[in-house]
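Atoms within a ligand are numbered from 1 in the order they appear, just like the ligands themselves. Any value given below was found using the heavy atoms of this structure, including those in side chains, with hydrogens, waters and symmetry copies removed. None of the values given here were measured: they were computed from a predicted structure.
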Amino acid sequence: MSAFNSVNNHCLGKIMALTETTDVVASDDIYDSQGVKLWAKGGKISACLQERLASRKLRTPLELTLEVENGITTGDVADDCQKLILANPILCHLSSNKAALAALSHLRLVRLPSALKLLLAAAYDNRGTHEYKHELHTIALCAGFAAYAQLSSLDTELLLSAALLHDLGVLYVNPDLLHSSRQLTAKEWASVAVHPKVSHMVALEIGKLRDEVGQAIGQHHERLDGSGYPFMLTKERISPIGSILAAADAMAAIIERGGEGAANKATLAIRLIPEEFDPVLKTYICTSLRDLAAPFGHGDQPCYEQTRDVVCKLDQVEAKVGELLQSAAGKVHDLLKMAGNVCHNVRKALRATGVDFLLQSYTPGGEGAFCGEVYHIVHETGWRLRNISRTLQLRADALALDEQAFLAPLISILEWTPDTPQETLVAP
Ligand SMILES: [Fe+2]
Ligand SMILES: [Fe+2]
């Protein structure tokens with residue numbers, strides 16, 4: 001039995017919402033694990049099924065016994081992507097060349113099994129949502145990156161399939177957490193951060209797709225320097241298409257918000273920590289978007305105090321990592337090394353951008369220097385530090401209690417909320 005033999009209520013809720021606009025029917029008889037027939041093949045799904053399914057295990061995962069009629073297709077997504085590329089100046093610079101549009105057309109060739117068509121419709125049939133917008137931006141960027149990297153036809157198709165399906169795991173997450181304006185608790189964050197793993201399982205167990213697609217999907221929030229989640233994988237363990245998808249997903253998160261200075265914010269975020277993303281893609285992005293350089297936008301205020309807080313936090317974290325490393329072993333040692341490496345990269349970024357120097361040469365009344373680009377650099381680095389804490393917590397959950405207690409002081413130093421809105425590449 002797989003995890004999908006138990007019905008996930010959040011996913012079921014999305015499927016039921018889909019039945020309000022589109023017919024969903026049973027493609028087979030639906031039985032519970034005791035052999036009780038719950039629904040007959042061919043029957044249209046209604047709220048009555050939802051009641052019958054309450055806390056039952058099924059003989060076959062529900063996703064494999066339902067099909068949608070007239071749901072969104074890969075052709076619809078490709079059409080919407082093409083329109084978006086031509087309408088959005090940033091995407092136009094990265095993904096409107098002939099090769100990128102040819103890469104995008106590979107999406108039309110992707111043949112999905114009916115279970116994935118159902119989930120795709122449940123996730124994206126409403127084309128006005130933020131989730132669909134994110135989906136389109138990610139696919140559009142993948143098409144541009146695939147063309148630039150001169151991927152083979154097969155790899156392009158695998159990458160675009162992964163981009164299409166990468167966030168299906170979000171269907172299985174409590175929607176209240178996804179739309180919450182407050183900071184999530186560590187436990188709540190863990191249930192959101194598991195979505196790449198769920199998307200991976202959906203692709204392999206429900207979709208029976210190729211390993212390369214599942215692997216890339218599962219890696220879409222990983223970073224080459226090991227600062228990503230859920231597994232803190234480093235570049236040797238991230239597949240080539242996984243690394244392209246991760247860069248596209250991260251860029252999409254900024255570009256889709258739009259607004260003044262979006263191109264600058266996106267290029268700053270992608271190049272700030274050089275170890276996070278594929279250097280070849282980064283060069284392509286920065287070079288292609290140079291023409292769109294513009295001020296960072298209004299609303300930036302001097303951030304002297306935030307800069308001081310971030311650098312002070314970094315000092316404390318580096319000292320604690322050094323202290324703990326002296327007596328750490330095994331997996332805890334590896335986690336600490338990883339955290340230390342990420343802090344080292346953040347420190348290098350602050351030096352390379354001159355923010356460190358600016359802080360050292362600050363004199364009272366000099367707050368005006370801490371705005372514009374500096375504001376965004378501090379903003380990005382602050383959230384990265386916070387993210388290390390979240391990722392460490394995620395990994396620490398699998399450790400023994402004494403190991404968790406050993407790491408707790410470090411996590412507690414890192415666990416703070418930067419005094420800036422969360423609008424960065426490290427957003428979930
Ligand atoms: Fe995601
Ligand atoms: Fe995503």
Note to self: Checking salt bridge (Lys or Arg N to Asp or Glu O under 4.0 Å) between Glu275 and each of Lys282, Lys348, Arg384, which is the one that passes?
What the structure shows: Lys348
Check: N/O/S of His134 less than 2.8 Å from the Fe ion (ligand 2)?
Finding: yes
Item checked: Asp28 and Leu64, any side-chain heavy atoms less than 4.5 Å apart -> no
Next item on the list: Starting from the C-alpha separation in whole Å, work towards a yes-or-no answer on side chain to side chain donor-acceptor pair (under 3.5 Å) for Ser239 and Glu212.
Entry: CA-CA 8 Å; Ser239 72; Glu212 299 96 309; over 6 Å; no
Notebook entry, point to check: Thinking salt bridges, do Arg56 and Glu51 make one under a 4.0 Å N-O criterion?
Noted result: no
Check: Would one find an N, O or S atom of His195, in either backbone or side chain, under 2.8 Å from the Fe ion (ligand 1)?
Finding: yes
Notebook entry, point to check: So which of the N, O or S atoms of Asp167 lies nearest the Fe ion (ligand 1)?
Noted result: OD1
Checklist line | Criterion side-chain hydrogen bond (donor to acceptor under 3.5 Å, both in side chains) against Tyr124, the qualifying member of Glu135, Lys133, Glu131 | finding: Glu135
Next item on the list: Flag His166 as yes if one of its N/O/S atoms falls below 2.8 Å of the Fe ion (ligand 2), otherwise no.
Entry: yes
Margin query: I'd like the atom name of the N/O/S atom in Asp249 lying closest to the Fe ion (ligand 2).
Written below: OD1
